[in-house]
Amino acid sequence: MRSWELAIIRRQPLVRPLLDLGCGSGHVMNLLSDSGRLLHGSGMVAGIDISEEFAALAVPVGIYDLVSVADARALPFEPETFETVVSVCVLEHIPRVEAVLENVARVLRPDGRFIFSVPAPLLCEMAAETHGPDGEAFVAQFNARVEHVNVWDAATWQAKLGQAGLECTEVLGFMPPNAARIWFAAYDWTVRPIRGRGALYRLAGPGLSRFGVGAALRAYWMRRLTPAARDGLQCRVEDACALLFAARKP
């Protein structure tokens, strides 16, 4: 999913000064911008994250001129500071996300752009479909584990942007249903067993890596996922399990 996000966001112009909202460890922005080489214009690249631990990890990556520990609902920047705000799979985790959108509108310059990706409701539908009678319970557990609080359709996000004073200029879909089904199969075999449901993936850990289990599992999932990867950016918004939005400040 992250690979699709990077590919689809790279189609958008990323112009400095730029804010990475929810920067995490900085790894995603570093990949997204090819260590800054894909950024346009001049000015700073700033990152904010609510986690002190992640913000500390982002500093040595070297992509940011400034990294701040801050709540996205109260951005510590002057009005009209940035040409671009980017947020990669962050807004779905934030309660009262309307305050985030208002803050983004405040710190953007006129004609500045807000680019963000979020999961779509179809992702939850695929999660339920792939887990049979336990589908509803699995979706609830999955959303709780990954802290999803805003899994909305395109129309809802567009309305929220408009209420914040931002004009939605583009909506793109990625991650079609067949890819989501494979993704949830991979999730079951990796994340869930690591939390105590199986022994196979414990053998893939660092302590036993010399036995080659990790390499074999990686090769298996590469073969399984590569066909879906080719289809990941080729789906209509209504058939997408994840969405990319581009909006501008009038």
Side-chain angles (χ1 to χ4, degrees), residues 1-6 8-9 20-25 27-28 48-51 53-54 71-73 86-101 103-104 114-161 163-164 171-198 201 221 224-225 228-229 232-233 235-245:
M1 185 174 180
R2 186 70 71 222
S3 299
W4 291 320
E5 281 179 319
L6 297 179
I8 203 165
I9 293 174
D20 182 5
L21 190 154
C23 65
S25 65
H27 179 62
V28 171
I48 70 108
D49 202 278
I50 200 168
S51 164
E53 179 182 358
F54 278 132
D71 190 322
R73 295 164 292 197
V86 177
S87 186
V88 182
C89 239
V90 173
L91 299 186
E92 68 270 22
H93 303 295
I94 304 178
R96 296 185 296 107
V97 75
E98 294 83 359
V100 179
L101 303 181
N103 265 265
V104 169
F114 181 33
I115 301 163
F116 67 94
S117 59
V118 287
L122 188 58
L123 182 69
C124 294
E125 293 180 28
M126 291 302 100
E129 180 184 302
T130 55
H131 288 80
D134 299 326
E136 187 174 334
F138 174 79
V139 171
Q141 292 168 4
F142 173 75
N143 284 332
R145 181 187 179 278
V146 298
E147 299 180 356
H148 281 172
V149 293
N150 312 309
V151 183
W152 297 332
D153 61 18
T156 301
W157 281 111
Q158 288 172 302
K160 299 286 184 183
L161 288 166
Q163 291 163 10
V171 185
L172 298 173
F174 61 102
M175 196 177 193
N178 67 314
R181 294 185 188 99
I182 297 173
W183 188 82
F184 276 112
Y187 178 91
D188 281 350
W189 277 90
T190 55
V191 178
R192 297 179 87 192
I194 285 171
R195 299 173 67 214
R197 296 199 178 194
Y201 273 78
W221 283 114
R224 182 86 186 273
L225 293 169
L233 300 178
C235 59
R236 300 179 303 168
V237 168
E238 55 268 32
D239 298 326
C241 294
L243 302 169
L244 176 107
F245 292 85

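If you read the sequence from its start, that first residue is 1, and numbering goes on from there. This one's a predicted model, so the numbers in the text were calculated from it and none came from an experiment.
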side-chain contact (heavy atoms from CB on, under 4.5 Å) partners for [X], two or more places apart:
| X | value |
| --- | --- |
| Cys124 | Val139, Asn143, Val151 |
| Glu98 | Trp152, Lys160 |
| Asp71 | Ile50, Arg73 |
| Val237 | Ala154, Val171, Leu243 |

Output the distance between atom CZ (Phe184) and atom CZ (Phe138), rounded to the nearest 0.5 Å.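 The distance works out to 5.5 Å.
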
Please report the interatomic distance CD1(Ile8) to CG(Leu244), rounded to the nearest 0.5 Å.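 Nearest 0.5 Å value for the CD1-CG distance: 5.0 Å.
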
Side-chain donor/acceptor of Glu92 to backbone N/O of Val90, under 3.5 Å: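 Yes; judged by distance alone, with no hydrogens or angles, the pair exists.
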
Counting only N and O atoms by type, is there a donor-acceptor contact under 3.5 Å from the side chain of Ser117 to the main-chain atoms of Cys89?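 Yes, Ser117 side chain to Cys89 backbone: donor-acceptor pair under 3.5 Å.
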
Minimum heavy-atom separation for [X] to [Y], with atom names?
| X | Y | value |
| --- | --- | --- |
| Leu91 | Asn150 | O-ND2, 2.9 Å |
| Ile115 | Ile9 | CG2-CG2, 4.2 Å |
| Val149 | His93 | CG2-C, 3.6 Å |
| Cys235 | Ala240 | SG-CB, 3.7 Å |
| Leu101 | Phe114 | CD2-CE2, 3.7 Å |
| Ile94 | Ala72 | CD1-CB, 4.2 Å |

Do the ring planes of Phe116 and Phe245 sit parallel (below 30°), tilted (30 to 60°) or perpendicular (above 60°)?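 Parallel.
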
Under 6.0 Å from the CD atom of Glu147, do we count more than 12 heavy atoms belonging to anything else shown?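 Count not over threshold, so no.
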
His27, NE2 atom: more than 12 neighbouring heavy atoms under 6.0 Å: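 No - once you tally the heavy atoms of other residues, nucleotides and ligands closer than 6.0 Å, there are 12 at most.
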
side-chain contact (heavy atoms from CB on, under 4.5 Å) between Cys241 and Trp183: does it pass, once the steps are laid out? CA-CA 11 Å; Cys241 294; Trp183 188 82; over 6 Å; no

Can you tell if the side chain of Pro176 reaches within under 4.5 Å of the side chain of Asp239, non-hydrogen atoms only?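 In short, these two side chains do not touch, never coming nearer than 4.5 Å.
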
Between Leu122 and Met175, is a side-chain contact (heavy atoms from CB on, under 4.5 Å) present by the stated rule, with each step listed? CA-CA 10 Å; Leu122 188 58; Met175 196 177 193; over 6 Å; no

List for me each residue that meets side-chain hydrogen bond (donor to acceptor under 3.5 Å, both in side chains) alongside Asp20, sequence neighbours excluded, and say none if there are none.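 With neighbours one apart ignored, the set is Tyr64.
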
Quick one: which residue pairs count as a salt bridge (charged side-chain N to carboxylate O under 4.0 Å, His left out) with a foot in residues 120-129, not counting sequence neighbours?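 The answer is Glu129-Arg181.
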
